[in-house]
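The next block holds one structure in the form of structure tokens; read it before the comments.
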Amino acid sequence: MSIATTNPATGQVLKSYDPMSDAQVDAAIAQADRAFADLRRTTVAQRGRWLTAAADLLDAERDETARLMTTEMGKTYAAAQAEVTKCAAACRFYAAHAERMLADEPADARAVKAARAFVRYQPIGPVLAVMPWNFPLWQVMRFAAPALMAGNTGLLKHASNVPQTALYLEDLFHRAGFAPGCFTTLLVGSDAVDRILSDPRVRAATLTGSEGAGRSIAQTAGRELKKTVLELGGSDPFVVMPSADLDRAAEVATTARCQNNGQSCIAAKRFIVHTEVFDAFAQRFAANMAALRVGDPMDPATDVGPLASERGRDEIDAQVRDAVERGATVLCGGEKPTGPGWFYPPTVVTDLRPEMRIWSEEVFGPVAGLFRVSSYAEAVEVANGTAFGLGANAWTTDPQEQERFVTDLDAGNVFVNGMTTSFPELPFGGVKNSGYGRELSALGMREFCNTKTVWVGRGEATAGAGAHAE
Ligand SMILES: O=CCCC(=O)O
């Protein structure tokens, strides 16, 4: 795939870039390594001031940055503005809390026969971030903000269709005060990733992307013995039980499926509804989906913009056609429009069977699969009957049932009476083929830290676990 900005609303190529040469990449890695040696010696407070400056820039530049993202990948302008604001909030969150997250953690010295014992969190070096186009700013920021606060440097290999957003990010951190090399965008194709991750100066990698990309990174990282955090696909269930508030569930289901034009790893994709309320929910949900306005993502009246690529649209069209050919019923949508741009209407399909692709594959567009179940046990079985385990939603007002769903749903994130969302305050990540490791919160920051055990014997005069430069 060439490195280019192509407007998904028109199909027009607006700007393209030559990939960086191996020599340019090597120079960037060397600079990231040198910058790490300096950054780790700065104080958390200093890094917090730079990250706060990045947040201020994001707020000040919200509208132009949002326009850039909409032009590169088609999300609605309103959604893009919200994404910029969320990134600024994440920067402020880590600027405010990193000191506490990175503070030495005292342990029971007496139990380990020490004068002093504690855990110290220290940065590990340049980290490679391989990031997707669907939240072009946020996916990067949720890695970059904690990584930079911890004293690591970042090397970004962004998706090839969002090069201008990728370059904006490098420029943003630089203008905020981080020295050159602290955060670098590498304009390269995915064929360069193996070589970059094999470089001994690159200490770890984080990837948000497809299962295939995750396996490939994990293979290289395994060979090189490097830490990885992987956030891969999802086929999130959205279970509706008889006690649920159906109007609210149908409203949130519509947002959960069509947010970001249906292209979110944590979008609800499989709607698993108890037979007692199936017809009532299906009618409300299909009506809401059909009422969404599809069109120009810059138009404030638009709910759903184009898909990011022609290939992506062809894929969901093929998944829907496969289901229909095998007997599925379309409640709304289901027809690929003609005309310029990669639009696809919000679609609901039901009467699904295991042999249909939609049953087991991730559907990365505004297409909802509706499943009928007749008991709690069957709901959980269908919800967990996927290779993925990123998010899961359960709608019920019965407190005991809520508790059972929390325990039984096999996912990294369970949301009861709400849709899966990421917050800087909460860990985010998956189980099964959705990946491993956690982003966000203190856990996300510590994924790329050396969790150093410190044991100090009685042979010397010692101070308690205390402040340190990193
Ligand atoms: O695509 C997955 C990430 C979505 C989010 O963090 O809100």
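Ligands are counted one by one from 1 in listed order, and the atoms in each one are counted from 1 as well. No hydrogens, no waters, no symmetry mates; every other heavy atom, side chains included, goes into these values.
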Note every protein N or O atom lying under 3.5 Å from an N or O atom of ligand 1, pairing the names and giving the distance.
residue	atom	partner	partner atom	Å
ligand 1	1 (O)	Asn134	ND2	3.0
ligand 1	1 (O)	Gln139	NE2	3.2
ligand 1	1 (O)	Cys265	N	3.0
ligand 1	6 (O)	Trp138	NE1	2.9
ligand 1	6 (O)	Arg142	NH1	2.6
ligand 1	6 (O)	Ser422	OG	2.6
ligand 1	7 (O)	Ser422	OG	3.1

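Taking the six-membered ring where the residue is Trp, the centroids of Phe173 and Trp50 are separated by 6.0 Å or more. Ring centroids of His97 and Phe93 are separated by less than 6.0 Å, placing the two rings close together.
Tyr121 and Glu105 share a side-chain donor-acceptor pair at under 3.5 Å. Between the side chains of Asp299 and Tyr77, no donor-acceptor pair is found at a separation under 3.5 Å. A donor-acceptor pair shorter than 3.5 Å cannot be found between the side chains of Asn161 and Glu72.
Arg438 and Glu447 are not joined by a salt bridge, as no carboxylate oxygen comes within less than 4.0 angstrom of a charged side-chain nitrogen.
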